[in-house]
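Down below is the structure, laid out as structure tokens.
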Amino acid sequence: MKAFKAYDIRGIYNKDFNKEVVYKIGYFLPELLAANEILVGYDDRESTPEVFEALAAGITDRGADVYKIGYATTPMVYYGTAKHDYKASVMITASHNPPEYNGLKISRENALPVGYDSGLKELEEMIETKEVKPVSKNKKGNILKHDLKDEYIEFQKSYLPDLSKLDLSIDISNGMVAILTDAIFGDQPHYLYNELDGTFPNHEANPLEAENREDLKELLLAKGSDLGLIFDGDGDRVMFLDEKGNFISPDLIIALLAEYYINQGKGKNVLYDIRTSWSVKEHIEELGGKCHMWKVGHAYAKLKLREIDGICGGELAGHYYYKDFFYCDSGMLTALVVLNVAARLKEEGKTISEYIAELDKYATSGEVNFKIENKAEVMEKLKNYFFEQKEPVNFYDFDGYRLEYNDWWFNVRPSNTEPYLRLVVEAKTETVLDEKLAEIKEVMAVD
């Protein structure tokens, strides 16, 4: 099925999937995860009420109970799953995608992700091959409420620093974080689009796209803010602008998070994905931390962070994970941790841009996407070409390829959901970066 992706179920509603498919997802989910009670939260998209109704009907027709949070951020559902010992949960959301999309993020016990390799494939096969036989009325499950918003807010506020000396501009993107902002930040920040609206009338709820950050940049500069924050649609990601309005590469934020936890004595192991800058590794090691590189995607990161007993981790796409948050990602927790660092810098008389300039030592391409159908063939061609030129100092092959040389490195990896190759190149100088990027494009035979 087209909507079944590597990390979740997602697509254009009534095109890639519909309420009949959602009903079957709900019906077979109790069997897949051996769960009699399933926690469900949802976003504010126009199709969400129908999706919830179909999901709940499927779950209850199978004899299991739905515990409804109501409006929630995705991290709220993770928190509720792990904190209250649910064996299964669903967040109805399409995250940063346009309003015609919807989806389901499924977790099992301890908020462990259910990806295509860890349950979604099996669920898809159940839907396609098994027969639906609803239970009798007297055995049908119930829809019950589980209101955990206040509890979740108190958990988040335990990380809230003194913001009295910080001027903040925050873009909520009309997303789900709007249900938390007043209780956590109050009215001190300058807000943009701090109202729920699943049609996303102002800009798409994807902070990775530069055009979606323009309104925040304008507000930040007009108000003279120390820092800008922008959340995505379901609240599992947040990204940052410095006081000059410059976008801070999300992988560099991992270094700030690591600094916060290492300085607190929480541990030393930090996880980052295969696209991460050398700057992050060097900073963490200077702090006495130990770095672990791994695959892209929350379905992989959450398991790996547990495996290494990591204190925190992050990705270039703006997902950040915490041992203190059941090894899950949270945009709000990330915001609060970064604000702790920002508050300290303010006291020291240092700006965010000055701090990042000290940290960020290399020239980078950012992630560049190439639409290529024969992804595996082109990746092999690149790897073989550079191996023939010179043996890399380090070579990683667990998520595409990362080849590291003394003065530059690159990672090329296939998209799990689209006909794209994704490329990141980093070098010690802009000159080397330009040369190597041009060379890679020539080998790939792309413009």
Side-chain angles (χ1 to χ4, degrees), residues 3-10 25-26 28-42 55 59 62 64-67 69 72-93 95 103-126 146 148 151-152 155 234-237 267 269-273 292 294-315 317-334 398-399 416-417:
F4 280 69
K5 309 293 186 184
Y7 313 126
D8 57 19
I9 300 165
R10 192 184 307 185
I25 290 169
F28 290 111
L29 201 53
E31 178 183 348
L32 178 75
L33 300 181
N36 295 317
E37 300 173 341
I38 298 178
L39 186 68
V40 181
Y42 46 75
L55 180 73
I59 292 170
R62 190 59 184 266
D65 293 330
V66 172
Y67 281 80
I69 300 174
T73 65
T74 293
M76 276 180 68
V77 176
Y78 295 152
Y79 172 88
T81 309
K83 182 72 174 179
H84 294 280
D85 299 320
Y86 285 93
K87 289 189 175 181
S89 67
V90 181
M91 173 64 183
I92 300 171
T93 183
S95 185
L104 302 97
K105 292 184 177 180
I106 300 173
S107 300
R108 63 175 78 238
E109 194 171 12
N110 297 318
L112 284 165
V114 178
Y116 199 74
D117 295 334
S118 56
L120 290 186
K121 182 180 180 182
E122 188 178 348
L123 181 61
E124 185 180 32
E125 290 171 351
M126 288 178 172
H146 188 159
L148 52 78
E151 173 191 340
Y152 181 72
F155 170 82
D234 66 333
D236 61 0
R237 289 191 298 159
N269 291 321
V270 179
L271 182 71
Y272 53 69
D273 77 42
H292 302 261
W294 195 231
K295 298 177 182 179
V296 175
H298 81 106
Y300 303 113
K302 292 172 182 176
L303 295 174
K304 194 68 172 180
L305 195 62
R306 281 176 165 84
E307 180 186 317
I308 66 171
D309 191 28
I311 47 174
C312 63
E315 300 185 23
H319 288 277
Y320 305 99
Y321 309 90
Y322 305 91
K323 182 178 183 179
D324 287 354
F325 191 63
F326 309 104
Y327 299 95
C328 292
D329 42 337
S330 167
M332 181 59 76
L333 182 54
T334 300
F398 48 73
D399 194 353
N416 286 308
T417 57

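Just so it is clear, the values below take in all heavy atoms, side chains as well, and ignore hydrogens, waters and symmetry mates.
- Residues passing the ring pair (Phe, Tyr, Trp, His ring centres under 6.0 Å) test with Y321: none are found, sequence neighbours excluded.
- The side-chain heavy atoms of D273 and D399, taken from C-beta on, include no pair separated by under 4.5 Å.
- For R108, there are no side-chain hydrogen bond (donor to acceptor under 3.5 Å, both in side chains) partners two or more places apart in sequence or in a different chain.
- For Y300, there are no ring pair (Phe, Tyr, Trp, His ring centres under 6.0 Å) partners two or more places apart in sequence or in a different chain.
- Residues meeting the side-chain hydrogen bond (donor to acceptor under 3.5 Å, both in side chains) test with R237, sequence neighbours left out: H96, N206, D232.
- Evaluation of the salt bridge (charged side-chain N to carboxylate O under 4.0 Å, His left out) test over residues 318-328, restricted to residues two or more places apart or in two chains, returns K266-D324, D309-K323.
- The side-chain contact (heavy atoms from CB on, under 4.5 Å) search around A111 returns Y78, T81, A82, C328, not counting sequence neighbours.
- Taking all atoms of both residues into account, the shortest heavy-atom contact from A299 to P113 is CA-CG, 3.5 Å.
- With V114 as the partner, the side-chain contact (heavy atoms from CB on, under 4.5 Å) test is satisfied by one option alone out of I9, L33, L104: L33.
- The shortest non-hydrogen separation linking K5 to L120 is O-CD1, 3.7 Å.
- Residues G115 and S118 come closest through the heavy atom pair N-OG, 2.7 Å.
- When every heavy atom of G331 is checked against every heavy atom of P75, the shortest pair comes out as N-CG, 4.2 Å.
- Qualifying side-chain contact (heavy atoms from CB on, under 4.5 Å) partners for E109, counting only residues two or more places apart in sequence or in other chains: K87.
- For E125, the side-chain contact (heavy atoms from CB on, under 4.5 Å) partners are K121, not counting sequence neighbours.
- Identified under the salt bridge (charged side-chain N to carboxylate O under 4.0 Å, His left out) test for residues 294-303, with sequence neighbours left out: K302-D329.
- One distance of note links CD1 of I38 with CD1 of I59; it measures 4.0 Å at 0.5 Å rounding.
- One distance of note links NE2 of H292 with CG of N269; it measures 3.5 Å at 0.5 Å rounding.
- In this pair, F326 and Y79 present their aromatic rings perpendicular. The plane angle is above 60°, beyond the 30 to 60° band.
- Counting all heavy atoms, side chain and backbone alike, S330 lies closest to Y152 at OG-OH, 3.8 Å.
- Taking H146 as the reference, H84, Y86 meet the ring pair (Phe, Tyr, Trp, His ring centres under 6.0 Å) condition, with sequence neighbours excluded.
- Contact between L39 and V77 at its shortest, heavy atoms only, is CD2-O, 3.9 Å.
- Annotation: the span from E315 atom CD to Y272 atom OH amounts to 14.0 Å, rounded to 0.5 Å.
- Using a 4.5 Å heavy-atom cutoff, the side chains of E151 and K83 are in contact.
- Checked against side-chain contact (heavy atoms from CB on, under 4.5 Å), L303 has the following partners two or more places apart in sequence or in another chain: L112.
- By the 4.5 Å heavy-atom criterion applied to side chains, R10 and K105 are counted as neighbours.
- For the atom pair CZ of F398 and CH2 of W294, the computed distance is 6.5 Å after rounding to the nearest 0.5 Å.
- Here the side chains of S95 and D236 are in contact, with some heavy-atom distance below 4.5 Å.
- Rounding to the nearest 0.5 angstrom, the gap separating the CG atom in L148 from the CD1 atom in I69 is 4.5 Å.
- A search for side-chain hydrogen bond (donor to acceptor under 3.5 Å, both in side chains) contacts involving T334 returns Y322, not counting sequence neighbours.
- Here the side chains of N36 and D65 are not in contact, with every heavy-atom distance at 4.5 Å or above.
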**OP:** Could you go through the side-chain contact (heavy atoms from CB on, under 4.5 Å) check for Y327 and N110 one step at a time?
**Re:** CA-CA 9 Å; Y327 299 95; N110 297 318; over 6 Å; no
Original post:
Should I106 and V90 be marked as a side-chain contact (heavy atoms from CB on, under 4.5 Å) after you check the CA-CA gap, both sets of side-chain angles, and the distance that decides it?
Top reply: CA-CA 5 Å; I106 300 173; V90 181; 4.2 Å; yes
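- Interatomic distance, H298 NE2 to L305 CG, rounded to the nearest 0.5 Å: 14.0 Å.
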